[in-house]
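Below is one structure, written out as structure tokens, with a few remarks after it.
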Amino acid sequence: MQELTPIFLSLKLSFVTTIILFFICLYPTFYLSQKEFFGKKILLSIISLPLVLPPTVLGFYLLVLLSPNNYLGQFLANFDIKLVFNFKALLIASIIYSMPFMFNPIYSAFNALPKNLFDRAKLLEKSQANIIFRLCLPLIIPSIISASVMSFAHTMGEFGVVMMVGGSVAGETKVASIAVFEALETLDLNKANELSIILLAISFIILFALQFIKQNKYKS
């Protein structure tokens with residue numbers, strides 16, 4: 001059972017990251033789909049930056065930012081908060097690294113909704129919360145599910161970022177991808193193979209589920 005700890009840790013990290021990302025991205029995606037302002041394209045580019053940035057580069061800058069040797073790290077240390085080489089560090093890194101996979105599909109779905117829908121809702125004096133939760137969300141559920149599945153899957157496969165900010169602390173930061181890498185380093189091929197097969201199976205199930213979601217999306 002102890003051998004599966006990295007798998008359970010990866011699943012926990014992916015689940016928590018996906019939930020947090022959904023609530024973080026919901027209002028900004030709606031707001032940005034409704035507004036045009038100077039610097040919007042720059043902001044969207046920054047949000048999508050993890051798609052093209054090497055994970056080790058992102059991990060390096062997060063490590064520098066959160067390190068106790070820097071201002072932010074020293075400030076947090078006053079409150080006994082440490083954000084490197086623990087699960088919190090993994091969570092912060094995963095949220096930033098997987099954000100485009102949650103943000104972009106929901107933003108595109110909000111953009112695709114008819115604009116007169118919002119105008120009519122405003123005429124009925126609906127609050128923004130009512131417009132989002134009661135009017136828009138039911139219309140973009142397939143995109144939300146697709147975004148959640150992709151965010152979950154992407155977090156499951158992270159390596160470079162989590163290695164940089166989390167290291168390899170057994171039971172706390174040693175996720176499945178790092179456990180496979182360490183097993184290979186020590187030539188424990190059986191362990192590497194067992195963990196890889198489990199990751200492969202989880203990845204296949206996720207992508208298989210995504211195909212069903214897309215199929216239903218295009219039927220609706």
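Below, all heavy atoms of this structure are taken into account, side chains as well, without hydrogens, waters or symmetry copies.
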Hey, are the side chains of Leu90 and Val175 touching, using non-hydrogen atoms and a 4.5 Å cut-off? yes

Any non-hydrogen side-chain atom of Val161 less than 4.5 Å from a side-chain atom of Ser94? no

Count I, L, V, M, F, W, Y as connected when their side-chain heavy atoms are under 4.5 Å apart, and connections chain through other members. Are Leu51 and Tyr61 then in the same cluster? no

Does Leu62 belong to the same Ile/Leu/Val/Met/Phe/Trp/Tyr cluster as Ile24, with side-chain heavy atoms less than 4.5 Å apart forming each link? no

side-chain contact (heavy atoms from CB on, under 4.5 Å) between Val162 and Thr173, worked out: CA-CA 8 Å; Val162 295; Thr173 65; over 6 Å; no

With sequence neighbours left out, which residue pairs that include part of residues 45-73 fulfil the salt bridge (Lys or Arg N to Asp or Glu O under 4.0 Å) condition? none

Could you check whether any side-chain heavy atom of Leu13 comes within less than 4.5 Å of a side-chain heavy atom of Leu9, counting everything from C-beta outward? no

Decide yes or no for Phe85 and Leu63: does some side-chain heavy atom of the first lie under 4.5 Å from some side-chain heavy atom of the second? yes

same_hphob_cluster(Ile131, Phe22) at 4.5 Å side-chain heavy-atom cutoff: yes

ILVMFWY network linking Leu26 to Phe101, side-chain heavy atoms under 4.5 angstrom: yes

Student check: side-chain heavy atoms of Ile202 and Leu11 closer than 4.5 Å: yes

Could you pull out all residues at least two apart from Pro54 that satisfy side-chain contact (heavy atoms from CB on, under 4.5 Å)? Thr56, Val57

Enumerate the salt bridge (Lys or Arg N to Asp or Glu O under 4.0 Å) contacts for residues 163-175, please, sequence neighbours excluded, ordered by first and then second residue. Lys174-Glu182

Contact list for residues 145-161, test salt bridge (Lys or Arg N to Asp or Glu O under 4.0 Å), sequence neighbours left out: none

Between the NZ atom in Lys88 and the CD1 atom in Ile92, the distance rounded to the nearest 0.5 Å is 9.0 Å

Just verifying a value: how many Å separate Leu91 CG and Thr17 OG1, rounded to the nearest 0.5 Å? 5.0 Å

Ring center gap for Phe15 and Phe152 short of 6.0 angstrom: no

Under a 4.5 Å side-chain heavy-atom rule over Ile, Leu, Val, Met, Phe, Trp and Tyr, are Ile81 and Ile20 clustered together? no

Take the angle between the ring planes of Phe133 and Tyr27 and call it parallel below 30°, perpendicular above 60°, tilted in between. perpendicular

Below 4.5 Å, heavy atoms only, C-beta onward: do Met102 and Ser148 meet side chain to side chain? yes

Please report the interatomic distance CG(Leu83) to OG(Ser67), rounded to the nearest 0.5 Å. 11.0 Å

If you count heavy atoms of other groups shown closer than 6.0 angstrom to CZ of Phe37, is the number above 12? yes

Checking Glu36 now: which residues fulfil side-chain hydrogen bond (donor to acceptor under 3.5 Å, both in side chains) with it, not counting sequence neighbours? Lys40

Would you say Ser10's side chain and Pro6's backbone share a donor-acceptor pair under 3.5 angstrom? yes

Kindly indicate whether the side chain of Ile106, heavy atoms from C-beta on, has any atom under 4.5 Å from the side chain of Ser143. no

Might you point out which heavy atoms bring Leu199 and Ser177 nearest each other, and give the distance in Å? CD1-N, 4.5 Å

Residue pairs passing the salt bridge (Lys or Arg N to Asp or Glu O under 4.0 Å) test with at least one member in residues 7-20, sequence neighbours excluded, are none

Which pair of non-hydrogen atoms, one from Pro50 and one from Ile46, has the smallest distance, and what is that distance? CD-O, 3.9 Å

Rounded distance (nearest 0.5 Å) linking atom CD of Glu194 with atom CG of Leu4: 8.5 Å

Give me the atom names and distance for the closest heavy-atom approach of Ala183 to Thr186. O-OG1, 3.1 Å

Distance-only, no hydrogens or angles: does the Ser48 side chain make a donor-acceptor pair with backbone N or O of Ser45 under 3.5 Å? no

Shortest non-hydrogen contact from Pro100 toward Pro105: O-CD, 3.7 Å

Can you tell me how the ring of Phe103 sits relative to the ring of Tyr107, calling it parallel under 30°, perpendicular over 60° and tilted otherwise? parallel

Do Thr155 and Ser98 get their side chains close enough for a donor-acceptor pair, meaning under 3.5 Å? yes

State whether the side chain of Ser33 and the backbone N or O of Asn111 hold a donor-acceptor pair below 3.5 Å, judged by distance alone. no

Report the distance from atom CD1 of Ile42 to atom CD1 of Ile47, rounding to the nearest 0.5 Å. 12.0 Å

Calculate, to the nearest 0.5 Å, the distance between atoms CG and CG belonging to Leu58 and Leu49 respectively. 8.0 Å

May I ask you to decide if Leu184's main-chain N or O and Asp188's side chain share a donor-acceptor pair within less than 3.5 Å? no

Is there side-chain contact between Val64 and Asn70, with at least one heavy-atom pair below 4.5 Å? yes

Aromatic ring pairing Phe110/Phe30, orientation class (parallel under 30°, perpendicular over 60°, tilted between): perpendicular

